[in-house]
A.B. asks: 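The structure that follows is given in the form of structure tokens.
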Amino acid sequence: AVSIYPNPLNQDVLSIDFGGLNISNAVVKIFNMSGQTVYQTKINNTTHVELDLSGLLKKSIYIISIDTGQSIVTSKLLAQ
């Protein structure tokens, strides 16, 4: 199970925990409500990652998508 926190995001760092699984070559994307990609990164060989989103997200609702190559996890993300 993938955990994304804090949500709502009221700070600059978003944490993603992959439930102990070592994830290789995953792609994390954050989309605004118009469907535009506002953030994208690749992550390799990790069970946990912290993304520095300083100044990237305005107060709004976003969609975060994590493609591990085996599955795609999507979730709403509220930025405050």
Side-chain angles (χ1 to χ4, degrees):
V2 176
S3 300
I4 302 167
Y5 57 92
N7 194 3
L9 180 66
N10 54 7
Q11 55 194 32
D12 294 331
V13 177
L14 181 68
S15 295
I16 303 172
D17 185 65
F18 295 101
L21 296 176
N22 190 14
I23 300 300
S24 296
N25 299 319
V27 177
V28 177
K29 293 182 182 180
I30 299 177
F31 303 94
N32 63 20
M33 294 310 289
S34 298
Q36 298 168 313
T37 303
V38 295
Y39 180 83
Q40 178 174 334
T41 191
K42 287 187 177 184
I43 52 176
N44 290 303
N45 299 320
T46 188
T47 59
H48 177 87
V49 67
E50 293 185 351
L51 305 177
D52 184 0
L53 302 176
S54 301
L56 293 176
L57 304 181
K58 299 177 183 176
K59 292 181 181 181
S60 188
I61 298 172
Y62 296 88
I63 302 295
I64 183 168
S65 170
I66 304 167
D67 184 348
T68 65
Q70 297 175 1
S71 65
I72 298 175
V73 175
T74 58
S75 180
K76 284 185 184 177
L77 177 65
L78 176 62
Q80 293 184 333

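Values in this document were obtained by computation on a predicted structure and should not be read as measured data. The figures here come from the full heavy-atom set of this structure, side chains too, leaving out hydrogens, waters and symmetry mates.
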A.B. asks: Tell me whether Tyr62 shares a hydrophobic cluster with Leu56, the cluster being built from Ile, Leu, Val, Met, Phe, Trp, Tyr side chains joined at under 4.5 Å.
C.D. replies: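 Yes, it is one cluster - the side chains of Tyr62 and Leu56 are joined through contacts under 4.5 Å.
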
A.B. asks: Tell me the closest heavy-atom pair linking Tyr5 and Leu14, and the distance in Å.
C.D. replies: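 What the structure gives for the nearest pair is O-CD1, 3.6 Å.
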
A.B. asks: Check Lys29 against Gln40 and note the closest heavy-atom contact, atom names and distance.
C.D. replies: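 For Lys29 versus Gln40, the nearest heavy atoms are CE-OE1, 3.5 Å.
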
A.B. asks: Measuring only between side-chain heavy atoms, which start at C-beta, is Val28 closer than 4.5 Å to Ile64?
C.D. replies: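 Touching, per the 4.5 Å side-chain cut-off.
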
A.B. asks: Is the backbone N or O of Ala26 less than 3.5 Å from a side-chain atom of Asp67, with the two atoms forming a donor-acceptor pair by type?
C.D. replies: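 A pair under 3.5 Å: no.
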
A.B. asks: As a quick check of understanding, evaluate side chain to side chain contact (heavy atoms under 4.5 Å, CB included) for Leu53 and Ile30, giving each step before the final call.
C.D. replies: CA-CA 10 Å; Leu53 302 176; Ile30 299 177; 4.0 Å; yes

A.B. asks: If you look at every heavy atom in Asp12 and Gly55, which pair is closest and at what distance?
C.D. replies: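 So the two residues come closest at OD1-N, 4.5 Å.
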
A.B. asks: Does some side-chain heavy atom of Ile16 sit less than 4.5 Å from a side-chain heavy atom of His48?
C.D. replies: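 Sidechains of Ile16 and His48: no contact.
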
A.B. asks: Between Val27 and Lys42, which heavy-atom pair has the shortest distance, and what is it?
C.D. replies: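 For Val27 versus Lys42, the nearest heavy atoms are CG2-CG, 4.0 Å.
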
A.B. asks: Could you go through Ile4 and Ile66, starting from their C-alpha distance and side-chain angles, then the distance that decides it, and tell me whether this counts as side chain to side chain contact (heavy atoms under 4.5 Å, CB included)?
C.D. replies: CA-CA 10 Å; Ile4 302 167; Ile66 304 167; 3.9 Å; yes

A.B. asks: Taking all non-hydrogen atoms of both residues, which atom of Leu78 and which atom of Ile61 are closest, and how far apart?
C.D. replies: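 For Leu78 versus Ile61, the nearest heavy atoms are CD1-CG1, 3.9 Å.
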
A.B. asks: List the atom of Ser75, the atom of Asn7, and the distance in Å for their closest heavy-atom pair.
C.D. replies: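 Shortest heavy-atom contact: OG-ND2, 4.5 Å.
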
A.B. asks: Would you say the side-chain atoms of Thr37 pair up with the backbone N or O of Tyr39, donor to acceptor, closer than 3.5 Å?
C.D. replies: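 No, Thr37 side chain to Tyr39 backbone: no donor-acceptor pair under 3.5 Å.
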
A.B. asks: Backbone N or O of Ser24 within a donor-acceptor pair of the Asn44 side chain at under 3.5 Å?
C.D. replies: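 No, the answer is negative, given that no donor and acceptor are paired below the 3.5 Å cut-off.
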
A.B. asks: Do Leu77 and Leu57 pass the side chain to side chain contact (heavy atoms under 4.5 Å, CB included) test, and can you show the C-alpha distance, the side-chain angles, and the key distance before you say yes or no?
C.D. replies: CA-CA 10 Å; Leu77 177 65; Leu57 304 181; 4.2 Å; yes

